[in-house]
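The sequence lines fix the lettering, A, B, ..., with proteins before strands; numbering per chain opens at 1. Keep in mind that the numbers below use all heavy atoms, side chains included, and drop hydrogens, waters and symmetry copies.
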There are 2 protein chains.
Amino acid sequence: MTITDWTQRFHGTSHLPDAVRARLRAAARIVKFRNGAQVFGPDNVPDSLMFLYEGRIRVSQSSDTGREIVLYRVEAGESCVLTTACMLAEEAYNAEGIAETDVTAIVLPKLAFDRLAAEEDAFRDFVFQAYSRRLIDLLRVVDDVAFGRIDVRLAERLLALADAANEVQATHQQLASELGTAREVVSRVLHDFQKRELVSQSRGKITLTDTTALQALAHST
Amino acid sequence: MTITDWTQRFHGTSHLPDAVRARLRAAARIVKFRNGAQVFGPDNVPDSLMFLYEGRIRVSQSSDTGREIVLYRVEAGESCVLTTACMLAEEAYNAEGIAETDVTAIVLPKLAFDRLAAEEDAFRDFVFQAYSRRLIDLLRVVDDVAFGRIDVRLAERLLALADAANEVQATHQQLASELGTAREVVSRVLHDFQKRELVSQSRGKITLTDTTALQALAHST
DNA sequence: GTCTCTTCAGTGACAATGTCACGAAAGCCG
DNA sequence: CGGCTTTCGTGACATTGTCACTGAAGAGAC
């Protein structure tokens with residue numbers, strides 16, 4: 001994938017014009033992370049703005065009691081606004097970004113970012129839109145956690161994480177961290193799903209055997 | 001309060017310079033809301049950007065089962081970024097802003113906003129910072145809801161809502177809506193607080209009788 | 001192979017929180 | 001005073017979270 005591809009890939013209706021892409025390419029610096037590496041976190045505050053070129057980043061927040069919840073995922077073509085937020089806000093917070101695949105990111109020094117934001121409407125819109133999308137994502141997380149049933153949320157997440165063969169490669173602990181709950185809870189719900197023949201399990205893997213029923217469950221209030 | 005005062009009031013380290021203030025004043029339009037009025041919501045999507053000039057707005061999200069949770073409050077001098085997010089994102093979401101006092105807001109038409117964002121670094125920084133702060137606010141909400149104990153959260157909120165006389169004018173239902181829980185839960189916890197002589201109650205009013213102990217509880221884990 | 005070691009999953013008991021169905025008490029107003 | 005609405009209290013139960021422990025599955029050593 002070229003940078004040109006990337007700049008065309010960002011989510012939204014508008015596309016960055018050639019001139020902006022060229023300027024972005026000129027100012028950008030490429031950084032790579034291995035699968036599993038921490039891209040940013042409380043002890044690793046980047047001083048520049050990051051755009052994801054290739055791969056996927058999982059952004060999660062952890063409690064001081066060891067529990068964890070996934071906030072959202074950054075896909076190729078999206079920007080990682082939390083790094084910006086992190087930069088601007090002095091307050092500490094305990095969110096971190098973990099590379100879920102090998103990751104290539106574009107780092108834009110703050111100065112170059114400012115210039116682009118000032119001079120290119122399309123770029124500025126892109127960044128504002130990125131912020132907006134993350135806000136909406138977080139609203140959804142709040143809604144789920146505050147008001148959602150755990151079985152519904154697990155069904156949703158299983159469907160979202162399943163591969164083409166309807167299999168989810170994840171331990172119960174990892175699924176618990178997706179939802180911000182405890183492993184035992186996931187085990188119990190999955191056991192129930194199994195009895196209802198919605199899924200079958202083996203160590204570290206869930207097979208969705210009745211996606212229709214799971215979808216019905218996921219979409220029930 | 002003048003607009004000049006307002007532009008100096010926004011949270012952060014930098015201040016908007018005179019030139020920016022003048023331009024803002026020139027482009028702005030004033031809108032007023034009564035205490036209790038809905039400033040924005042699912043059925044009331046503004047087409048412009050809003051900055052709060054005077055008063056306070058409570059932004060909350062409600063579930064389809066009737067429960068509700070307060071996300072944050074917008075104070076005078078801050079911008080209401082959810083309206084922006086709302087504009088940019090097509091997706092529906094169920095957050096709404098309610099005026100907690102009589103409110104005076106500054107509405108900046110999108111075109112004027114774009115020009116200012118393009119031409120004034122300080123203004124752009126202000127807006128980015130506003131977004132960042134809201135993101136951080138929401139991270140805190142997620143953390144509280146997903147991992148926090150209800151008694152600790154209630155103690156925190158009581159302290160935050162108390163007036164100079166250490167009194168909180170709120171029904172149990174309203175406090176439940178602050179925290180995204182059920183009235184009965186608030187009733188039970190307050191009853192417990194009362195037995196421990198941390199608060200005393202009368203209809204629609206809580207008096208904090210031992211703020212020290214409440215603070216200790218609020219700051220525990 | 002089988003032994004050990006680590007990671008992962010299952011389970012029962014209990015605590016914390018949410019839901020439901022009531023009824024009692026406090027204030028308002030005729 | 002006597003209705004009326006809103007607010008609060010409460011018990012029973014469902015769901016979810018915590019703790020302590022057990023057993024099962026796989027990886028590697030031998």
Side-chain angles (χ1 to χ4, degrees), chain A residues 36 61-69 141-158 167-196 199-207 217 220-221, chain B residues 36 61-69 141-158 167-196 199-207 217 220-221:
Chain A
Q61 186 174 36
S62 51
S63 76
D64 28 37
T65 65
R67 262 163 69 197
E68 198 179 339
I69 184 169
V141 173
V142 169
D143 193 85
D144 280 358
V145 173
F147 308 127
R149 294 180 50 87
I150 203 72
D151 52 352
V152 173
R153 295 175 57 211
L154 182 55
E156 276 177 14
R157 199 55 66 104
L158 286 174
E167 289 181 352
V168 178
Q169 306 288 335
T171 66
H172 292 187
Q173 178 58 62
Q174 284 169 330
L175 291 171
S177 295
E178 290 280 335
L179 304 179
T181 183
R183 177 192 61 79
E184 296 92 321
V185 175
V186 170
S187 291
R188 278 199 292 249
V189 176
L190 279 177
H191 193 76
D192 178 55
F193 283 2
Q194 201 173 15
K195 274 195 294 195
R196 293 156 65 186
V199 305
S200 65
Q201 299 188 63
S202 64
R203 189 186 175 87
K205 187 175 77 176
I206 322 284
T207 306
L217 179 56
S220 72
T221 43
Chain B
Q61 186 175 36
S62 50
S63 76
D64 28 36
T65 66
R67 262 164 67 197
E68 197 178 340
I69 184 169
V141 174
V142 169
D143 191 86
D144 279 358
V145 173
F147 308 127
R149 293 178 51 87
I150 203 74
D151 51 353
V152 174
R153 294 175 58 211
L154 182 55
E156 274 176 15
R157 199 53 67 106
L158 286 174
E167 288 180 351
V168 178
Q169 306 288 335
T171 66
H172 293 187
Q173 179 56 62
Q174 284 169 332
L175 291 171
S177 294
E178 291 280 335
L179 304 179
T181 182
R183 178 193 60 79
E184 296 92 321
V185 175
V186 170
S187 292
R188 278 198 291 250
V189 175
L190 279 177
H191 192 75
D192 179 55
F193 284 2
Q194 202 172 16
K195 275 196 292 192
R196 292 157 64 186
V199 306
S200 65
Q201 297 188 65
S202 65
R203 190 185 174 88
K205 185 175 79 177
I206 322 282
T207 306
L217 179 56
S220 71
T221 46

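- Rounded to whole angstrom, the span from the CZ atom of R183(A) across to the P atom of dT18(D) amounts to 12 Å.
- In this structure, the NZ atom of K205(B) is 15 Å from the P atom of dA26(C), given to the nearest Å.
- To the nearest 0.5 angstrom, L158(A) atom CG is 6.0 Å from L175(A) atom CG.
- When heavy atoms are screened at a 4.0 angstrom cut-off, R188(B) is found touching base atoms of the nucleic acid.
- Protein atom CG of L179(B) is 9 Å distant from nucleotide atom P of dG18(C), rounded to whole Å.
- Between the CD atom of Q169(B) and the P atom of dG27(C) there is a distance of 13 Å, given to the nearest Å.
- One interatomic measurement links the two molecules: CD of Q173(B) to P of dT19(C), which rounds to 11 Å at whole-angstrom precision.
- A salt bridge links R196(A) with D192(A): at least one charged nitrogen is closer than 4.0 Å to a carboxylate oxygen.
- Following rounding to the nearest Å, R153(A) (CZ) and dT15(D) (P) show an atom-to-atom distance of 16 Å.
- OP1 or OP2 of dG17(D) lies within a sub-4.0 Å distance of a side-chain N or O belonging to T181(A).
- When the P atom of dC8(D) is taken as reference, atom CG of D192(B) falls 17 Å away, rounded to whole Å.
- Here H172(B) reaches the OP1 or OP2 of dG9(D): one of its side-chain N or O atoms lies under 4.0 Å away.
- Across R153(B) and I69(B), no two heavy atoms sit closer than the pair NH2-CD1, 4.3 Å.
- The side chain of R203(B) sits closest to dG27(C) out of dG27(C), dA20(D), dT18(D).
- When each of dT10(D), dT19(C), dG17(D) is scored by its nearest atom to the side-chain atoms of R67(A), the top-ranked nucleotide is dG17(D).
- Atom CG in D151(B) sits roughly 15 Å away from atom P in dA15(C) (whole-Å rounding).
- Remark: side-chain polar atoms of R67(A) are paired, donor with acceptor, to backbone N or O of G180(A) under 3.5 angstrom.
- Each of I150(A) and E184(A) was assigned the nucleotide of DNA chain D with the nearest heavy atom; the assignment lying further toward the 5' end belongs to I150(A).
- Nucleic acid contact for R149(A): sugar-phosphate only, since backbone atoms but no base atoms lie under 4.0 Å from a heavy atom of the residue.
- S177(A) places a side-chain N or O within 3.5 Å of a backbone atom of Q173(A) that can act as its donor or acceptor partner.
- The side chain of H191(A) has dG10(C) as its nearest neighbour among dG17(D), dG10(C), dT19(C).
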